[in-house]
Undergrad: 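Before we start, here is the structure in question, set down as structure tokens.
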Number of protein chains: 2
Amino acid sequence: MTSPSRPAPPPDCPLEHYLHVVSGAWVPRILWFLRFGPRRFGDLRRDLRGISTKVLTSKLRTLEADGLVSRRELTTSPRHVEYALTERGLAFEPVFEAMIRFSHRLAELDGAVPAERR
Amino acid sequence: MTSPSRPAPPPDCPLEHYLHVVSGAWVPRILWFLRFGPRRFGDLRRDLRGISTKVLTSKLRTLEADGLVSRRELTTSPRHVEYALTERGLAFEPVFEAMIRFSHRLAELDGAVPAERR
DNA sequence: GGGGGTGGTAACCGTTTGGTACCTACTTGT
DNA sequence: ACAAGTAGGTACCAAACGGTTACCACCCCC
């Protein structure tokens, strides 16, 4: 035990800044599906196959609190609620692109097909 | 009718590909510190303030199994083990850059003009 | 042979995260 | 009237994740 367990909290680290917002298994996936445009609650639930309504609700609430996602109730026939990326949420776009480049690069290094076909 | 699109789960989805490798609270941080060059076990433990040796070991094992990190035992006086990014691990670099851009962009939106127009 | 530093391993436990099941409230269609 | 679809909320659990505490093996130095 050389150093005290928790002596210095991170000052202004971009990594911590990022990880504070994007944690857990579902948040990246939610943002992923929202980048294609506004999406309704039920749509997201079907997009993210396997997510429970409880978790989807809580994650959307968190993202709304963090200002990455906006919630809009539509005055439509059964009642629709539309979720969309805010301007802050759109800041996530470079990360999506990077994740795509990452997985393409890994596929490339695996020596498999050039990721364009399949 | 209810859902305009329920696109099938792409078996080679870049997002899932990415998330398979980078999950949990510590893995991104470990990769972050390794990108500056090879690092010894104890160095990483000090870099990642608060991580336990158990978790650090298990994460490094996983990263090694995924081929993102290499492990090398040095024949030095006390005994050193050096971890480094492999070529596959270097594919993560765009993600780092994107995370940095993300946090800068958020800071920009926080501190600057509230230009909420569209 | 004791102390200190390295790099772990194993057992146990607590917190966090997510899942299941059941519920409300409203609206539309039959 | 009643079923079905919309968007949730709540209570209760299960599993994953991570932390704590020990302890080991090795090496060097004194």
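Here the structure is a predicted model, which means the values were calculated and not measured. Naming: A, B, ... by sequence-line order, numbering from 1 per chain.
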Undergrad: List the residues meeting salt bridge (Lys or Arg N to Asp or Glu O under 4.0 Å) with B/R88, not counting sequence neighbours, and say none if there are none.
TA: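 With sequence neighbours excluded, B/R88 shows a salt bridge (Lys or Arg N to Asp or Glu O under 4.0 Å) to A/D110, given in chain and number order.
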Undergrad: By ring pair (Phe, Tyr, Trp, His ring centres under 6.0 Å), which residues pair with B/F102, not counting sequence neighbours?
TA: A/Y18, A/F92
Undergrad: Suppose the criterion is salt bridge (charged side-chain N to carboxylate O under 4.0 Å, His left out): which pairs have a residue in residues 91-102 of chain B, not counting sequence neighbours?
TA: B/R35-B/E93
Undergrad: Holding to side-chain hydrogen bond (donor to acceptor under 3.5 Å, both in side chains), I want the full list of residues that pass it with A/H20, two or more places apart in sequence or in another chain.
TA: none
Undergrad: With the threshold set at under 4.0 Å for non-hydrogen atoms, list the residues of residues 28-42 of chain B touching DNA chain C in residue-number order.
TA: B/R40, B/F41, B/G42
Undergrad: Can you build the contact string for nucleotides 13-30 of chain C? Use B for base contact, S for sugar-phosphate-only contact, and - for no protein heavy atom under 4.0 Å.
TA: -----BBB------SS--
Undergrad: According to the side-chain hydrogen bond (donor to acceptor under 3.5 Å, both in side chains) rule, which pairs have a member within residues 60-69 of chain A, sequence neighbours left out?
TA: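 The answer is none; no pair qualifies.
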Undergrad: Just call it for B/R61: base, sugar-phosphate, or nothing, with non-hydrogen atoms closer than 4.0 Å on any strand.
TA: sugar-phosphate
Undergrad: Would you mind reading off the distance between B/E64 atom CD and C/dG8 atom C1', rounded to a whole angstrom?
TA: 13 Å
Undergrad: Output side-chain donor-acceptor pairs under 3.5 Å for residues 24-31 of chain B, partner residues at least two apart or in another chain, one line each.
TA:
| unit_1 | atom_1 | unit_2 | atom_2 | d |
| --- | --- | --- | --- | --- |
| B/R29 | NE | B/A25 | O | 2.8 |
| B/R29 | NH1 | A/E16 | OE1 | 2.3 |
| B/R29 | NH1 | A/E16 | OE2 | 2.7 |
| B/R29 | NH2 | B/A25 | O | 3.4 |

Undergrad: Just jot down the side-chain hydrogen bond (donor to acceptor under 3.5 Å, both in side chains) partners of B/R79, sequence neighbours excluded, or say none.
TA: none
Undergrad: Quickly work out the B/L74 CG to D/dC27 P distance and round it to whole Å.
TA: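 Computing the B/L74:CG to D/dC27:P distance gives 15 Å.
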Undergrad: Report yes if a side-chain nitrogen or oxygen of A/R46 is closer than 4.0 Å to either non-bridging phosphate oxygen (OP1 or OP2) of D/dA7; otherwise report no.
TA: no
Undergrad: Hey, what's the ring geometry for B/F41 with B/Y83, parallel, tilted or perpendicular (30° and 60° as the breaks)?
TA: tilted
